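Source: prediction; values computed, not measured.
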Amino acid sequence: MKLVGHILSLPSARHSLFAIMGAYITMPNSLLLMLPRWYARLKRQYTARAGTTSGSVAITVDTHAPVARVSDCYLSFSIDISVLAGGFWWEGSEGSRRGLGTLRVPPLTLKGNKLDALVQALGPSYLRIGGSEADKIHYFSAPADEPDALVLTRKQWDRLHRFIERNELKLIFTVKYGLFTRHAHGLWCGDEVRELLEYSRDQDYQIDVFELGNELNAYWAFHGVRAQPRARDLATDYATFIDHIREYYPDAQVSGPGSAFWPRIGEAFKPFSNITRRFLQELTAPLDIVNWHYYPFQSSRSPVRTRGANVRTLLNPKSFTDFAKYSQTLTFWRDQYQPQAQLWTGETGSAQCGGQPKLSDRFISSFWWADQLAQGALLGHQVMVRQSLLGGDYGLLDRLTLKPRPDYWVSWLWVRLMGNGVYRCYHTDKHLRIYAQQHPDKKHITLMIINLKPRGVRIDVAIPGTAAERYTVTAKRLTSRKVAINGVKPKLQKGKLTLAHFPQPQHSNRVPGYSISFWLYNH
């Protein structure tokens with residue numbers, strides 16, 4: 001029964017198990033004998049096995065010079081404007097409606113010493129305020145004919161800026177593009193945002209990055225085909241937008257177009273969605289940042305799933321390859337049409353539509369996150385914006401309790417151990433994802449080793465000496481809510497936590513099965 005209970009905790013296994021049990025009565029005796037072996041094989045596949053190894057892997061790290069450098073604020077995060085202002089959100093929703101959850105949430109207060117301590121522990125960072133309702137929200141007051149409209153109130157805006165100043169964050173703000181029919185595209189004028197910009201300037205509020213609209217290439221899916229802007233019209237609107245922003249915030253950066261890319265199919269369907277290349281080509285004003293949105297999986301709430309989130313896909317190294325493919329395409333377009341611009345991942349999370357319940361908030365979600373952080377740095381991204389800080393199953397923090405989820409602790413280690421300079425690694429095991437970066441102290445090189453196999457692996461690293469420090473993230477189960485770092489459960493103590501809280505293990509060249517390890521070498 002313990003074995004059956006373990007298998008039932010794996011969402012991808014439930015349907016197969018129930019199907020087999022349903023056929024149990026009519027199954028021949030010879031097949032009945034196979035059931036224990038099937039259980040055992042499934043358990044072996046998804047359970048880390050302590051003390052076992054699957055051989056040795058040689059790793060070469062080219063430490064002569066970094067191949068890329070990232071921003072000091074590389075690991076950043078968002079709060080969806082739906083969560084901030086009290087719009088429709090995902091928690092408790094079983095499906096979606098026009099790209100939104102089906103339940104309304106109360107506005108965030110953004111108060112409390114615990115929240116501040118957890119945020120400060122990830123800094124320095126950008127905080128992005130955006131999301132699907134950014135294009136239908138009203139600033140400070142609602143129109144008389146929309147009594148149920150979502151409004152970003154002056155009080156909420158003031159509270160947000162106090163939160164940003166208190167925690168030394170930098171703000172990315174998504175300005176409303178609006179929902180209008182095709183003939184009006186190319187005529188954006190910015191009247192609706194004028195009051196907010198004037199008020200913010202008068203209050204001396206700092207806004208570091210502006211972007212116009214949220215996932216404009218996906219308007220056809222969220223708001224209807226007639227709301228979908230064409231690339232040329234969007235370029236015209238963006239030129240107007242840039243002039244408008246420069247009037248109020250001449251030193252701010254402008255980012256765009258924030259197109260959504262889907263796993264396996266990229267920008268989705270021609271001719272409606274594939275607007276990024278043409279937009280960059282047609283834009284007459286220079287962009288500071290070319291940014292895009294990417295989720296490697298879709299949750300069960302998503303009406304379309306090109307790669308659903310389940311135990312099998314979350315552990316499959318092939319699931320991580322699309323990010324590199326689309327990044328390289330965007331880099332090529334950037335180099336051709338906006339060569340002065342940085343490349344950012346402006347929004348990313350484990351699974352579209354709020355994350356996958358009982359997976360996105362568990363240890364198994366940490367593998368893609370650690371890998372994409374490292375991949376993005378290697379591929380030249382300056383900033384990676386995680387959706388979200390709190391809110392949804394993919395939040396780093398639980399919105400109601402503020403309890404850190406496993407991805408939070410991987411992020412916490414990242415900002416302490418992975419610095420700006422990025423080095424290239426070479427090895428041959430596809431189930432090991434290995435990356436190297438300069439340590440923030442510039443005296444060490446940090447090797448991050450992601451083991452997607454249940455067995456431990458011996459690592460032979462072609463760097464002189466042994467690892468000076470090691471930190472390994474593990475959990476009892478892939479679906480555990482809690483993780484351990486070097487065998488110790490991480491927890492803020494009076495608002496503080498340091499690496500010294502985690503005792504160093506005995507020297508070994510082995511990484512455990514299903515683990516994320518950081519090894520520090522002298523440089």
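Between the side chains of Q120 and N167, a donor-acceptor pair is found at a separation under 3.5 Å. At a cut-off of 3.5 Å, with distance as the only test, a side-chain donor of S365 or D407 sits close to an acceptor on the other residue. S78 and Q387 share a side-chain donor-acceptor pair at under 3.5 Å.
With sequence neighbours excluded, the residues satisfying salt bridge (charged side-chain N to carboxylate O under 4.0 Å, His left out) with R278 are E282.
Geometrically, R277 does not engage Y337 in a cation-pi contact defined by less than 6.0 Å to the ring centre and at most 45° from the axis. Remark: R104 is not positioned above the aromatic ring of W89, lacking an NZ or CZ atom under 6.0 angstrom from the ring centre and at most 45 degrees off the axis.
The pair E247-R201 does not meet the salt-bridge criterion, since no charged nitrogen lies less than 4.0 angstrom from a carboxylate oxygen. Using a cutoff of 4.0 Å between basic side-chain nitrogens and carboxylate oxygens, R301 and D393 are scored as salt-bridged. Between D398 and R405, at least one side-chain nitrogen of the basic residue sits less than 4.0 Å from a carboxylate oxygen of the acidic one, meeting the salt-bridge criterion. One finds no salt bridge joining K176 and D135 here, because no Lys/Arg side-chain nitrogen approaches an Asp/Glu carboxylate oxygen to under 4.0 Å. Between E211 and R128 a salt bridge is recorded (basic side-chain N to carboxylate O distance below 4.0 Å).
Across Y177, W188, F279, F210, a single residue satisfies ring-ring contact (aromatic ring centres under 6.0 Å, His included) together with Y238, and that is F279. W344 pairs in a ring-ring contact (aromatic ring centres under 6.0 Å, His included) with only one of the listed residues (W292, Y294, Y126, Y74), which is Y126.
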